[in-house]
Amino acid sequence: MLTRLYHHPIFAEHLTGAGHPERPDRIAAVSQVLEDECFHFLDREKAPEGTLEAIYRCHPEGYVQAIAKVIPEEGLVRIEDDTVLSPKSFQAAMHGVGGAMAAVDAVVSSDAPNAFVASRPPGHHAETQTAMGFCLFNNAAIAARHAQAKHGLERVAIIDWDVHHGNGTQDIFWSDPSVMYCSTHEMPLYPGTGEKSETGANDAGNIVNAPLSAGDGGEAFREAFTSRILPALETFKPDLVIISAGFDAHHRDPLANLKLTEEDFDWATGKLLDVANRHADDRLVSLLEGGYDLQGLAVSVRAHVKRLLEG
């Protein structure tokens, strides 16, 4: 069985305006690198459209309908400082949700051992009722809830190595110990959350933050994984591993100050594949989040997906 790749042309039609870092060129860079001969064996599928029912498990109906109502017929609308909507933005977000759901279905049904969803807009900053940080709907959270609701999985782990803390995912699962959220991220940095002391409601321990400092590189990143995240996952024993795969911790990225290389993402991917092998029957889903230098994004995705293919 081969790694499943979910993609769709609609992801390039979510427009954000000149100079915006979360731009269509990102998905073009990912698509181009995955056309390399070494990815010939990827099992490629178009991301289907997600369902409103699945989104409502994480975001209330009123919030979702409010987003739909402000989609412009033409031009751009800015709904907060960083988040911009264009005529195809809601459709792109729905296919991002659908890709995440389909990836869960594929790995749970053993149609694929693992899957990568190359979608935009990203999702991990979207809180229960708040769009922010380029994000509308929280794809990782929706995927986790879909795995539980449709497939009966009891424990889902979301590991987020985007350079920005996934405040939205933490918000959604703060009081739910059936989902573990683990994050490495630069701190202080947007959005200002992600202290080690943030461990979930009543210190449940299902929230595991491992903040890094500006200038930290692969050694600090790997130590955070080894000392905090991997032990927590071993105790939790997830039925499914979901990666919020942001690549803006790469040393080339303009929005942050960590110094990771593509080799660090390769290493972390391997460690999470090991966790999935031991506890989740190899079930692993990876969802694209950030990454704003096109070269850094491309080489990081190349390393990540190549390791997924190798298993």
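Checked for salt-bridge contact, Lys306 and Asp266 miss the test: no charged N lies under 4.0 Å from a carboxylate O. Classification of Asp216 and Lys259 as a salt-bridged pair fails, no side-chain N sitting under 4.0 Å from a carboxylate O. Classification of Arg145 and Asp176 as a salt-bridged pair holds, one side-chain N sitting under 4.0 Å from a carboxylate O. Between Arg120 and Glu22 there is a salt bridge, since a side-chain N of the basic residue sits under 4.0 Å from a carboxylate O of the acidic one. Ion pair Arg44/Glu35 flagged as a salt bridge, since at least one NZ, NE, NH1 or NH2 atom sits closer than 4.0 Å to an Asp/Glu carboxylate oxygen.
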Applying ring pair (Phe, Tyr, Trp, His ring centres under 6.0 Å), run through Phe265 and Phe247 and close with a yes or a no.
CA-CA 8 Å; Phe265 295 119; Phe247 298 103; 4.9 Å; yes

Working for side-chain contact (heavy atoms from CB on, under 4.5 Å), residues Lys88 and Ile10
CA-CA 7 Å; Lys88 296 296 182 68; Ile10 193 64; 4.0 Å; yes

Before you tell me yes or no, could you show the steps for Thr16 and Leu76 under side-chain contact (heavy atoms from CB on, under 4.5 Å), namely the whole-Å CA-CA distance, both residues' side-chain angles and the distance that decides it to 0.1 Å?
CA-CA 7 Å; Thr16 52; Leu76 304 176; over 6 Å; no

Step by step, would you call Ser178 with Gln148 a side chain to side chain donor-acceptor pair (under 3.5 Å)?
CA-CA 9 Å; Ser178 74; Gln148 293 175 322; 2.9 Å; yes

Using the ring pair (Phe, Tyr, Trp, His ring centres under 6.0 Å) rule, take His304 and Trp161 through it: C-alpha gap first, then chi angles, then the decisive distance, then the call.
CA-CA 12 Å; His304 176 56; Trp161 64 51; 5.4 Å; yes

Using side-chain contact (heavy atoms from CB on, under 4.5 Å), reason through Leu297 and His250 one step at a time and then give a plain yes or no.
CA-CA 8 Å; Leu297 174 63; His250 192 275; over 6 Å; no

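Proximity of Val301 to Leu34: side-chain heavy atoms (C-beta onward) are separated by under 4.5 Å at one or more points. Proximity of Leu85 to Pro72: side-chain heavy atoms (C-beta onward) are separated by under 4.5 Å at one or more points. Within the 4.5 Å cutoff, side-chain heavy atoms of Arg222 are placed close to those of Asp264. Between Val30 and His7, the closest side-chain pair of non-hydrogen atoms is not below 4.5 Å. The closest side-chain heavy-atom distance from Lys69 to Val64 is not below 4.5 Å. Proximity of Glu234 to Arg278: side-chain heavy atoms (C-beta onward) are separated by under 4.5 Å at one or more points. The closest side-chain heavy-atom distance from His164 to Glu289 is not below 4.5 Å.
Aromatic ring centres of Tyr56 and Tyr63 lie farther apart than the 6.0 Å criterion allows. In this structure, Tyr292 has its ring center under 6.0 Å from that of Phe134. Between His95 and Tyr6, the gap from one ring centroid to the other reaches at least 6.0 Å. Taking the ring centroids of Tyr190 and His125, they lie under the 6.0 Å cut-off. Between His146 and His151, the ring centre distance stays below 6.0 Å.
Taking Glu223 as the reference, nothing meets the salt bridge (Lys or Arg N to Asp or Glu O under 4.0 Å) condition, with sequence neighbours excluded. For Lys196, the side chain to side chain donor-acceptor pair (under 3.5 Å) test picks out no residue, with sequence neighbours left out.
Taking each heavy atom of Asn139 and Ala100 in turn, the nearest pair found is O-CB, 3.9 Å. Among all heavy-atom pairs drawn from Ala147 and Val156, the shortest one is CB-CG2, 4.4 Å. Closest approach of Ala245 to Ser286, counting heavy atoms only: CB-OG, 3.4 Å. Closest approach of Gly75 to Pro87, counting heavy atoms only: O-CD, 3.3 Å. In terms of heavy-atom proximity, Leu287 sits nearest to Ile242 at CD1-CG2, 4.1 Å.
Checked by atom type and distance alone, the side chain of Arg78 pairs as donor or acceptor with a backbone atom of Asp81 at under 3.5 Å. Side-chain N or O atoms of Glu80 include one that pairs as donor or acceptor with a backbone N or O of Gly133 at under 3.5 Å. His185 places no side-chain N or O within 3.5 Å of a backbone atom of Asp162 that could act as its donor or acceptor partner.
A single hydrophobic cluster is seen to contain both Leu260 and Leu272, as judged by linkage of ILVMFWY side chains at heavy-atom distances under 4.5 Å, directly or through other members.
The aromatic rings of Phe11 and His8 lie perpendicular to each other, with more than 60° between the two planes, well past the 30° mark.
Remark: of the listed residues Val241, Val104, Asp239, Asp239 is the sole one forming a side chain to side chain contact (heavy atoms under 4.5 Å, CB included) with Arg283.
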